[in-house]
Amino acid sequence: MSGFRVIVIDDERIVGQMIKASMEPDGYNVETFLNAEPAFARLREEKFDVVITDLKMKGIDGMDVLRTIKTAYPEVKVIMITAFASLDSAVEAMKSKVDGFFAKPVKIKDLKECIYKLLNPVDAGAA
C-alpha cells in the first residue's frame, strides 16, 4: 500500500517487533534497532522516510536521535513514542521539530495515519 521506509529505534525489542509486524502487511518496509548507533549507520546507507524513536533509552536518547536526524537528514520525519509522556517532554520535542508524539502503548492505526499525513501533505486535508 504505502511503500514507506521506516526505522524504529526502541530499546524494548518487543515494541519494534510489534510495530514491524503490524505495519509490514500494509506495505511499510520497517527495520528495527535497539539503539541509535546502528540506525544512524543504516540512514547513511539508504534513504528512509520516517524514524520512530523511543524517548527514554540507554545511551543516546530520543531527543538526541531527533536532533541528530533533523540536522543530518532534514527530510526524514521523526515520530517519538514514550511510556514517560509529560507536558515538558512533549514541549521539548515540539521545540526540536518532532513530527509526531505518541504515548505508549501507541495505537498502530494512529501511527499509520500520522505517517500517511506527514508523507502525503496534499492528501492530508482530504482524509
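No hydrogens, no waters, no symmetry mates; every other heavy atom, side chains included, goes into these values.
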(message) I need the minimum non-hydrogen distance between C114 and I79, along with the two atoms involved.
(response) SG-CD1, 3.9 Å

(request) Kindly compute the distance separating CZ (F102) from CG (D110), expressed to the nearest 0.5 Å. (result) 5.5 Å

(request) Spell out, yes or no, whether F48 and L34 are grouped together once hydrophobic residues are joined by side-chain heavy atoms under 4.5 Å, including indirect joins. (result) no

(request) With the side chain counted from C-beta on, respond yes when M80 and V65 share a heavy-atom pair under 4.5 Å apart, and no when they do not. (result) no

(message) Walk me through whether V50 and Y28 qualify under side-chain contact (heavy atoms from CB on, under 4.5 Å).
(response) CA-CA 11 Å; V50 177; Y28 292 83; over 6 Å; no

(request) Nearest 0.5 Å please: distance from the CG atom of D49 over to the NZ atom of K77. (result) 10.0 Å

(request) With rounding to the nearest 0.5 Å, note down the distance linking CD in E12 to CE in M57. (result) 11.0 Å

(request) With rounding to the nearest 0.5 Å, note down the distance linking CG in D61 to CG in L66. (result) 10.0 Å

(request) Walk me through it: do D11 and R13 pass the test salt bridge (Lys or Arg N to Asp or Glu O under 4.0 Å)? (result) CA-CA 6 Å; D11 57 358; R13 184 178 309 276; over 6 Å; no

(message) If you define the side chain from C-beta out and look only at heavy atoms, does anything of I60 sit under 4.5 Å from T68?
(response) no

(message) Could you tell me if the side chain of L111 sits less than 4.5 Å from the side chain of I19, heavy atoms only?
(response) yes

(message) Quick one, T32 and Q17 - any side-chain contact, counting heavy atoms below 4.5 Å?
(response) no

(message) I'd like to check R44 versus Y73 (side-chain heavy atoms, cut-off strictly below 4.5 Å). Are they in contact?
(response) yes

(message) Which heavy atom of V30 sits nearest to which heavy atom of E24, and what is that distance?
(response) O-OE2, 3.3 Å

Let me check something: any side-chain donor-acceptor pairs from residues 35-43 under 3.5 Å, sequence neighbours excluded? List them with distances.
residue	atom	partner	partner atom	Å
R42	NE	E31	OE1	2.7
R42	NE	E31	OE2	3.4
R42	NH1	E45	OE1	3.0
R42	NH1	E46	OE2	3.0
R42	NH2	E31	OE2	3.0
R42	NH2	E46	OE2	3.0

(message) Surrounding NZ of K56 (heavy atoms of other residues, nucleotides or ligands, distance under 6.0 Å), is the total greater than 12?
(response) no

(message) Checking V15 against I81 for the side-chain contact (heavy atoms from CB on, under 4.5 Å) test, could you report, in this order, the C-alpha distance in whole Å, the side-chain angles of both residues, the deciding distance, and whether it holds?
(response) CA-CA 10 Å; V15 173; I81 58 176; 3.9 Å; yes

(message) Tell me the closest heavy-atom pair linking V98 and V78, and the distance in Å.
(response) CG2-O, 3.4 Å

(request) State, to 0.1 Å, how close V8 and G16 come at their nearest heavy-atom pair, and which atoms those are. (result) CG1-CA, 3.9 Å

(request) Give a yes or no on whether a salt bridge exists between K117 and D99, defined as a side-chain N under 4.0 angstrom from a carboxylate O. (result) no

(request) Walk me through it: do D10 and K104 pass the test side-chain contact (heavy atoms from CB on, under 4.5 Å)? (result) CA-CA 12 Å; D10 197 305; K104 289 181 179 178; 2.8 Å; yes

